[in-house]
Amino acid sequence: MKEFSVPMRVYIEDTDAGGIVYYVNYLKFMERARTELLRSLGYGKAATLNGDLLMVVASAEVNYLAPARLDDELMVSAVFGRVARTFIVFSQTVMRGDTCLCRGRVKVACVTRDTMKPTPLPKQLIATAKELMGEPQ
């Protein structure tokens, strides 16, 4: 799949007292990229796949490589890394030009709104994600 990326700028609210992006804000940047990827596939409210299904972060692994600073222009990517029946693993990067600042793998699970228990992803989302990954369906 061609990498899906969105541009972002670092604002003062993203930084600590030293003007460096606070570590947890990289997760916010990644969340925005995943949301925009799903939006581009027709899921306008990415956290809510329909009235009964929600997408929730089940786990995140993040490697911080270099700091982003106030006013930096970043590109944040989201790529389908693995698609299973009830979850998707996204591979993500935060870049400043050619420099990778942060890498992450985020597992997002599909749950029912009522019980918050895992439930199958919509078949169309699975098919689209696998198609974008170049996997047979």
Side-chain angles (χ1 to χ4, degrees):
M1 170 187 181
K2 185 178 180 215
E3 191 172 81
F4 180 90
S5 298
V6 291
M8 293 184 201
R9 181 174 298 278
V10 175
Y11 295 102
I12 196 158
E13 68 192 28
D14 301 318
T15 65
D16 61 16
I20 295 174
V21 170
Y22 186 62
Y23 76 96
V24 76
N25 287 331
Y26 292 91
L27 291 170
K28 290 180 181 182
F29 299 157
M30 290 180 191
E31 174 80 24
R32 293 174 194 158
R34 288 191 311 276
T35 298
E36 291 304 322
L37 170 57
L38 291 174
R39 185 183 312 280
S40 77
L41 298 177
Y43 296 94
K45 295 182 181 174
T48 308
L49 295 175
N50 66 32
D52 298 325
L53 302 179
L54 302 174
M55 297 292 286
V56 298
V57 173
S59 64
E61 176 184 330
V62 182
N63 295 307
Y64 302 98
L65 306 170
R69 298 177 189 280
L70 180 62
D71 211 35
D72 279 353
E73 293 181 25
L74 308 175
M75 287 299 288
V76 184
S77 71
V79 175
F80 293 108
R82 179 175 174 214
V83 179
R85 192 170 76 84
T86 61
F87 66 86
I88 300 170
V89 177
F90 292 90
S91 295
Q92 299 194 253
T93 59
V94 178
M95 304 287 294
R96 182 182 54 233
D98 293 333
T99 303
C100 184
L101 306 178
C102 182
R103 282 194 182 98
R105 289 181 52 81
V106 181
K107 180 179 179 181
V108 180
C110 184
V111 299
T112 60
R113 180 184 297 276
D114 298 354
T115 65
M116 298 301 286
K117 302 266 186 212
T119 193
L121 288 158
K123 289 179 182 174
Q124 183 58 47
L125 177 55
I126 292 172
T128 300
K130 286 188 174 189
E131 179 182 328
L132 291 171
M133 293 170 62
E135 286 187 12
Q137 297 179 29

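Positions are given from 1 along the sequence.
Using a 4.5 Å cut-off on side-chain heavy atoms (C-beta onward), Tyr23 and Val62 make no contact. Proximity of Thr128 to Leu41: side-chain heavy atoms (C-beta onward) are separated by under 4.5 Å at one or more points. Looking only at side-chain heavy atoms (C-beta outward), Pro122 and Leu53 come within less than 4.5 Å of each other. Counting heavy atoms from C-beta outward, Leu101 and Leu74 have side chains that approach closer than 4.5 Å. In this structure, the side chains of Asp14 and Tyr22 stay at 4.5 Å or more apart for every pair of heavy atoms. When side chains are defined from C-beta on, Arg32 does not count as touching Val76, because their heavy atoms never get closer than 4.5 Å. Using a 4.5 Å heavy-atom threshold, the side chains of Leu38 and Leu125 count as touching. Taking the side chain as every heavy atom from C-beta outward, Leu121 and Ile88 approach each other to under 4.5 Å.
Listed by chain and number, the residues in a salt bridge (Lys or Arg N to Asp or Glu O under 4.0 Å) with Arg96 are Asp72 (sequence neighbours excluded).
Across all their heavy atoms, Met30 and Arg103 have their closest contact at CE-C, 4.1 Å. Looking at every heavy atom in both residues, Pro67 comes nearest to Ile20 through CB-CG2, 3.7 Å. Of all the heavy atoms in Ala68 and Tyr26, the pair that sits closest is N-OH, 3.0 Å. The minimum heavy-atom distance linking Arg113 with Met116 is given by the pair O-SD, 3.9 Å. Between Asn25 and Thr15, the shortest heavy-atom distance links the atoms ND2-N, 4.5 Å. Leu37 and Phe90 get closest at one heavy-atom pair: CD2-CE2, 3.8 Å.
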Residue pair Arg105, Glu61: steps toward the salt bridge (charged side-chain N to carboxylate O under 4.0 Å, His left out) verdict: CA-CA 5 Å; Arg105 289 181 52 81; Glu61 176 184 330; 5.2 Å; no
Please test Val21 against Phe29 for side chain to side chain contact (heavy atoms under 4.5 Å, CB included), starting from the C-alpha separation and ending with a verdict. CA-CA 11 Å; Val21 170; Phe29 299 157; 4.0 Å; yes
Could you go step by step and tell me if Glu36 and Ser40 meet the side-chain hydrogen bond (donor to acceptor under 3.5 Å, both in side chains) rule? CA-CA 6 Å; Glu36 291 304 322; Ser40 77; over 6 Å; no
Stepwise side chain to side chain contact (heavy atoms under 4.5 Å, CB included) test for Asp71 and Val10: CA-CA 5 Å; Asp71 211 35; Val10 175; over 6 Å; no
Check the pair Met133 / Val83 against side chain to side chain contact (heavy atoms under 4.5 Å, CB included), numbers first and verdict last. CA-CA 9 Å; Met133 293 170 62; Val83 179; 3.5 Å; yes
Determine whether Thr119 and Thr86 satisfy the following criterion, side chain to side chain contact (heavy atoms under 4.5 Å, CB included), listing intermediate values before the conclusion. CA-CA 6 Å; Thr119 193; Thr86 61; 5.8 Å; no
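In this structure, CD in Glu73 is found 13.0 Å from CE in Met8, a value given to the nearest 0.5 Å. Interatomic distance, OG1 of Thr35 versus CE of Met55, reported as 10.0 Å (0.5 Å rounding). Interatomic distance, OG of Ser5 versus CE of Met75, reported as 4.5 Å (0.5 Å rounding).
At distances below 3.5 Å, not a single donor-acceptor pair connects side-chain atoms of Gln92 with backbone N or O atoms of Gly104. In this structure, the side chain of Thr115 engages the main chain of Lys117 through a donor-acceptor pair within 3.5 Å. A donor-acceptor contact shorter than 3.5 Å is absent between the side chain of Glu3 and the backbone of Ser77.
Heavy atoms of other residues, nucleotides or ligands lying less than 6.0 angstrom from OH of Tyr64 number more than 12.
Hydrophobic clustering (ILVMFWY, side-chain heavy atoms < 4.5 Å, transitive): Phe4 and Leu132 are in one cluster. Taking hydrophobic clusters as Ile, Leu, Val, Met, Phe, Trp and Tyr residues chained together by side-chain heavy-atom distances below 4.5 Å, Phe87 does not share a cluster with Val106. Note on Val94 and Val89: separate hydrophobic clusters, where clusters join Ile, Leu, Val, Met, Phe, Trp and Tyr whose side-chain heavy atoms are under 4.5 Å apart, directly or indirectly.
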